[in-house]
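The sequence lines fix the lettering, A, B, ..., with proteins before strands; numbering per chain opens at 1.
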Amino acid sequence: MNSRVSFPLIWLSMFSMLLGCAPRSTTMISSTVPREALRQNDFLDDFGKGLPSGPSVQGTVEGLVEGDLTAETASQIAVLNSPHLKSVYEEIGIARADLVQAGLLKNPIFDGEVKVTEMGEDAVLEMALKQDFLDFSLIPLKKRMAQAELEKTRLRVAGEILSTIASTKRAFYSLQASEQELEMMKQVQEALEASFQMGEQIHEAGNLTDLDLMNQKALFEQSKIDMEAAELAVLENRQNLNRQLGFAEDEIDWSAEPRLPDPPDLEMDTTDLVQTALANSLDLKMDWYETRMIAARLGITKIKAPLPELMLGVASEREPGNEWSVGPSIGLQIPIFDQGQARIARNNAELQRAWHQYKATAVEIVSQVKSAKYRLEASRSRLDQYQNVMLPLFQDIMDQTQKRYNGMLLGVFQLLETKRQQIDTERKYIFELLQYWTARTDLETILTGKLAGASGGPAMESPSTSVAASGNGGH
Amino acid sequence: MSEFKPITFLILWMIGGFFSPVATGQDQGQSDQRADSEGKTPEIPWAYWEENPQPPGEPGRDYTPVYTPNGETLSWKVVDGVKVFHLIAEPVREEVVEGLTIDTWGYNGGTPGPTIEVVQGDRVRIYVTNNLPAETSVHWHGIILPCGMDGVSGLTQPSIKPGETFRYEFIFPDAGTFMYHPHFDSMTQEGMGMTGMIVVHPRDPEGPRPDRDFVLMLHEWFIEPGTRRPFAVENSDFNVLTINGKAFPGTHPLVAELGDRVRIRIGNLSAMDHHPIHLHGYAFDVVETDGGKIPPEGRWPETTVLVQVGSVRVIELTADNPGDWIMHCHMTHHTMNQMGHDVPNMVGVDVGNLDKKIQKLVPGYMSMGQKGMMPLQRMGMTVPDNSIPMLGFEGQFGLTVLGGMVTVLKVREEAPTYDDPGPYQFPEGTVARTATQEELKADGISVPKMLESSRNLSGGSSLMQGQMGQHHMMSQDD
């Protein structure tokens, strides 16, 4: 080989070998469900190794949809099937790729120039190979940053899963409650229809005034309107749940268990609430990794402040008629105008901000978990009142009223009006039951690590008293 | 002429006085044939009896005791020639009829209180103990007596405070039928049932004694169904009507033997309503009021005697028509038990299939009232505790809607006592029954077809017919 050419090549190859000692990237790992999300959700244990994807998801979902859905099975479907969650899962892949990227050195730069003389019989040849050497010291910090970002992303994905489960449960309970409400509004409508039809028959016989009949009709017609509102609520709640489950319109035929579950005999253990919530909080951990990331970035900024850029390499040149000259090259940025003060100050401020955000998140968690606990306790107490006192009492009232009806001490209109009042009490109970399950879902979600998104109120309006009948019955 | 001496004048004056009306001792008794005063100052009505004390009248010897159905006569003892009675005003618990028991106020354990039975001229001492929580007094309605014994709190005496025992002493100057009741808070205390009858037999009776002598006290109440306390504030919507504190079918019958001379004394201390008491099977004479005897030429024949509030009417008849004769207030609402008024007018209403529809919401529901009232027993439905809405009467021929101020005069060939002889055994062929086709044809009677609507209503709902299993089936043969 021509020694003129081999000389630079040897340098290049030696240089290259140096570069070969740079750390290699790890191979890409397929995304798995973050461990934090697995911890508190039993069913996800089944998928601990990794969520099924592709046709096995379809099969699992179809299996779950065969029976009446419960809050738990609906949550499973949402975790498996929600396209939103699927897009969120991919963020882990993105973060992993970023981690790999952080460990890669910048590629060396090869410069080559051929300048032909005016006469064209010879040329000036220049070749240089340079490498950014600042990278070597920066890579550990860059990797730390990317690692923190990856952890943050894993936590965020876990949080999204918990959020999805919570939203699905809330939507599910709302659907059950609205279906029960519809059932009861149907009963109210039937009662008022019977009352009106009785009024029609009495009027037909010549025993009721036109005005009294019209009043009966008004109550009945109002109940039809109220029932339509209840029907609409069911449809809307179904669509909400479809959205959570990832089902397009009418794609899969499913039905929910018709009744809200009864409250459990033993109430949730609420000792050490704050400690549990803080210990499990994904949001808090995310904020912590944020500070770590910013700290790493600050390190990078501080390194680059005095020496923004450093290129080391080999340069070679051959003038026409001369031999090759070879030697090391160095290029560096001289921090005269920009000494990086602004960037350092900026990063410091960012660090402070992240630290305060961390503390703010802790305060938010403590406050939210306490108010969720109060809501749950208050709701449970009201529920017990309804179950133990009000519902039995209204049944007794119904029985006594019927006894008085039997003795012709009051008439059929008053009897049906009392029935309507009994149904209204049952409606109040169902509303209370929905409040309870919503509060419980909110508390469970905070305790397993995710702050509630919106203020965790129920998705159903407090039942307005259905149209009060005027109790017409006098002579 | 000898000198006129004062002593002579005195002697003459005394001789003249001896023949004066005072010396000859004239009485003011209404049924007395003794000479009356002519234009002189009227004497105290009981003066004669005061001056001519009588031995206390005794049952049997002096009179045939009266009979107070569902009640009793107040016992007495004689102390130094005076009949001593003890009335105790107290809270009482009374069963108005099976199914309705009330807590109210009365005398000596009951409402009305026991009948006070004496003979004209008897001097009585009546002790009245007040065991009520309220002040009270006793007024002797219709009795002519010293004003201080009249029993009007505040006006003629201080009221009897709770726990006190008062002493009334007077003579019964007139024979007749009277009443006693409080005069402190009349609306409340009379309304609560503090009433009682007084019977004064004549010292020298005219004519034979009656064979049967009944004492009845009428009363009206408002008792909210399901409660046990009468509401004395009520002034128009009375829902429980009683004779001697009982509502039909809880009233004990008036029993007489064929040929008996029957006297029925009826007092009325209802708060607001008179009662036209109608007797089936007889026309009777109204012979007496609490003002006195009606002379024969002034007597008034009736089948219905109107007994005003605060009055007594006495009727007499001869029991010549055997059977079970109902005697009742002819105000139709007064023969219903605890009827409620908050119901729509259901008469003639065709409910179609509505009963089934309503039963889905209210199990056991049944439309009622399309045919009018039905007795409670017929419907087989539960009603509030301690209430008797539309409680009816089950006689030998079936159930009927009847209650309240009703009793039965039972006239039998043989009835030795006042005890209930059971239902009348109607002689064969004397009871009204459905007409046979032959009879209708023979007499040229054509029966018009029933209206479709009436036919539908009369059949009743299927639920009712199902429930009829254990009760009388309602069919057109009843």
message = For E200(A), which atoms come within 4.5 Å of any heavy atom of chain B: side chain, backbone, both, or neither?
response = neither
key: Pick from G348(B), G369(B), P384(B) with the largest number of heavy-atom pairs that fall under 4.5 Å of chain A   = P384(B)
query = Checking Q370(B) against chain A: side chain, backbone, both or neither under 4.5 Å from a heavy atom?
reply = neither
query = Are the charged groups of E224(B) and R404(A) less than 4.0 angstrom apart, N to O?
reply = yes
key: Salt bridge present between R420(A) and E417(A) (N-O < 4.0 angstrom)   = yes
task = Please look at L361(B) and chain A and tell me whether the side chain, the backbone, both or neither of the residue comes under 4.5 angstrom of a heavy atom of that chain.
result = both
inquiry  = Quick check for you: to the nearest 0.5 Å, what is the distance between S387(B) atom OG and R228(B) atom CZ?
reply    = 14.0 Å
task = Go through I388(B), T382(B), D385(B), D350(B) and name the one with the most non-hydrogen pairs under 4.5 angstrom from chain A.
result = T382(B)
ask   = Would you call D384(A) and R380(A) a salt bridge, using N to O less than 4.0 angstrom?
value = yes
query = Is E94(B) salt-bridged to K246(B), going by a charged N under 4.0 Å from an acidic O?
reply = yes
query = Thinking salt bridges, do E190(A) and K357(B) make one under a 4.0 Å N-O criterion?
reply = no
Region of Q197(A) in contact with chain B, defined by heavy-atom distances below 4.5 Å = both
remark   = Most heavy-atom pairs under 4.5 Å with chain B, out of I423(A), N207(A), I202(A), belong to N207(A)
key: Part of M346(B) within contact of chain A (heavy atom distance under 4.5 Å)   = both
